[in-house]
Structures are given as structure tokens and as C-alpha cells.
There are 2 protein chains.
Amino acid sequence: MARQYRSDAMASIHETMEALQEVGAIDKQTMREFDDACLTPVEPLSPEAIRALREREHLSQPVFARYLNVSKNLVSDWERGVKRPGGPALRLLTVIEKKGIQAIA
Amino acid sequence: MARQYRSDAMASIHETMEALQEVGAIDKQTMREFDDACLTPVEPLSPEAIRALREREHLSQPVFARYLNVSKNLVSDWERGVKRPGGPALRLLTVIEKKGIQAIA
DNA sequence: TGCTATATCACACTAAGTATTATATCACTG
DNA sequence: CAGTGATATAATACTTAGTGTGATATAGCA
């Protein structure tokens, strides 16, 4: 329950804020700062953390790779520490970590 | 309601399948094929489509960039057709297109 | 009048991500 | 037991996505 709370709350708050902004009740500046505060920070993931994440979802490397829309070799490289997931890839992994694979399926 | 149906159904079906597999009712092979069938395909996005997507969410380039965990210049490049979003970035954009920005917030 | 945010643009750089190929292991099956 | 297929690791070479810096132009707001 605690895991779901943050994102659900954020979703409804965001909708409310958007409505207020469209109606002119709050200015763009406030909306901008709100959006900034909304962001879930991304922290680097260790190779072990990536493997643990994939195995938590009961997925093989090839299937996991297709979920992320990357090549299967890249997942292998991530898990062996040969390469590090970058900007958008790191965001995807963070989303899966927080909300599960169904969030992006 | 139609927009939510597919992913919600997929989520619960996936949970059921996982439970069946853990209990040994279905084999890994079947699970693999099921996972494959689950994937939402990613189609390339035109520069205009990316811009339309961002504006639909009422986000500036810098804020949109922070949601995706990319630099603000890259979003500008995407929207002007200078660069094309690749593997993981394309998956992120597709998720936002189908489920909204709150899906990854 | 300035201040701030937005957006376009140029440029050089790093490394993420791709494709191909090969190998070893394990599970399933005829 | 041999054979097939999926998984995972591995090496290599290549392409380009993505970064960072800095400059410019514009529009809205105090």
C-alpha cells in the first residue's frame, strides 16, 4: 500500500494542478516548480541491482531486453558491469524498480 | 476506459501467469512466449509527434527532458529532426504516448 | 528597463547501444 | 543418448545517441 501511495497521489495532484493552471488560478512559474518537485530522482544502478531487478520480474535477458527495447547483449553487458545504463535507460530501469514491469508493458 | 483496459488486463493476466508458473502448472517455455506476446510494439516517432506529445502533457523542453532523464538539448534536437530517439528513449516515449506522463513520474 | 525561462543552434567529445559471431551450458525430447 | 533450442557469456568493430558548453533570440514578468 505504501508503495502505491506516492505515484497515485502524484497522479491525481498533477491532474488537479493542470486544471488549476488551465483555469488561470496558478501561473506557469508555479507549475514549472511543481513539475520539478514531482520528478522521481534516478540513482545509478549496480550490475547486481540490475540483475536482481530482472530476476524479480521473472524475465530472461532476451525478454527483458525487448521490454526495454534494447539488444539482448546490452543487458548482458549491464549485468557484467561492461557498460552502464545511461540517461533514458536508467529512467526506464528506475520506473520498473519502483512500479514493476507492468508499468511499461 | 478503452485506453486503460489493455494494460490493466495485461497486468492481472501477467500476475496470474506468474503464479501458475511458480506453482509448476505451466512450463518456462510457455511463460517465455507469453511474455513475448505481451510486449507493446514501439514504432518510430516523427519530430512533430514528439513535440505534440510533450505539448499534450503541458511540459516545457527542460522539464520534459528531466522526466526522461536526458539533456534539454536532446529534446530540442529530437523535435527539430536533428537526432532520432533510440532504443530505450523510444520505449519511454511510447509509454508516455500510451499511458501519459504519470506512468513514469 | 532588466530579469528569467524558453528555445534554437554550433561544436567537439564520450561512450552507449548495435550487429555479428562464437562458445558453453542446460532442459527437453525423439 | 544424440539432437534441438533457449539462455548466457564473450570479443570485436562500428555508428550515432546523448552530453556539455556556450552563444543567440525572444517573450513574459517585475
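Values below: all heavy atoms of this structure, side chains included; hydrogens, waters and symmetry mates excluded. Naming convention: chains lettered A, B, ... in sequence-line order (proteins, then strands); numbering from 1 in each chain.
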Round to a whole Å and report the spacing from [atom1] of [X] to [atom2] of [N].
X     : N      : atom1 : atom2 : result
A/L59 : D/dA8  : CG    : C1'   : 15 Å
B/R91 : C/dG17 : CZ    : P     : 15 Å
B/F64 : C/dT6  : CZ    : C1'   : 16 Å
B/L90 : C/dG17 : CG    : P     : 13 Å
B/E79 : C/dC9  : CD    : C1'   : 14 Å
B/K72 : C/dA7  : NZ    : P     : 11 Å
B/Q61 : C/dT6  : CD    : C1'   : 8 Å

What are the atom names and distances for every N/O pair under 3.5 Å that joins the protein to nucleotides 11-17 of chain D?
residue: D/dA17; atom: O5'; partner: B/R84; partner atom: O; Å: 3.2

OP1 or OP2 of [N] sitting under 4.0 Å from any side-chain N/O of [X]?
X     : N      : result
B/S71 : D/dG20 : no
B/S60 : C/dT6  : yes
A/S76 : D/dA8  : no

Check whether any side-chain N or O of [X] sits under 3.5 Å from a backbone N or O of [Y] as a donor-acceptor pair, and report yes or no.
X     : Y      : answer
B/R80 : B/S76  : yes
A/K99 : B/A103 : yes
B/D77 : B/V82  : no

Q. Is there a side-chain contact between A/S60 and A/K72 (heavy atoms, below 4.5 Å)?
A.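 The answer is no; the side chains never approach within 4.5 Å.
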(Q) Would you say that A/E43 contacts A/E97 through its side chain, given a criterion of any heavy-atom pair below 4.5 Å between the two side chains? (A)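 Sidechains of A/E97 and A/E43: in contact.
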Q) Among the clusters formed by ILVMFWY side chains lying less than 4.5 Å apart, do B/L53 and A/L92 turn up in the same one? A)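 Hydrophobic grouping puts B/L53 with A/L92.
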Q: Check whether B/L68 and A/L90 end up in the same hydrophobic cluster, where Ile, Leu, Val, Met, Phe, Trp and Tyr are linked by side-chain heavy atoms less than 4.5 Å apart.
A: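 Yes; tracing contacts between hydrophobic side chains, which count when under 4.5 Å, links both residues.
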Q. Is there a side chain to side chain contact (heavy atoms under 4.5 Å, CB included) between A/W78 and A/L93 once you walk through the steps?
A. CA-CA 11 Å; A/W78 285 345; A/L93 291 169; 4.2 Å; yes
**Q.** Pairing pattern in dot-bracket form [Watson-Crick, G-U; both distances under 3.5 Å; | = partner strand] for DNA chain D
**A.** |..|||||||||||||||||||||||||||
Q.
Which residues in residues 44-55 of chain A have a heavy atom closer than 4.0 Å to any atom of DNA chain C?
A.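 Residues of residues 44-55 of chain A that come under 4.0 Å of DNA chain C do not exist, since none gets that close.
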(Q) Working to the nearest 0.5 angstrom, can you tell me the gap between A/E55 CD and A/E48 CD? (A)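 Answer for the CD-CD pair, A/E55 versus A/E48, is 11.5 Å.
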Q) Could A/R54 and A/E79 be called an ion pair, given the rule that one side-chain N must be under 4.0 Å from one carboxylate O? A)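 Between A/E79 and A/R54 there is a salt bridge, with a charged N closer than 4.0 Å to a carboxylate O.
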**Q.** Step-by-step side chain to side chain contact (heavy atoms under 4.5 Å, CB included) determination, A/V70 to B/R91
**A.** CA-CA 9 Å; A/V70 298; B/R91 169 63 73 191; over 6 Å; no
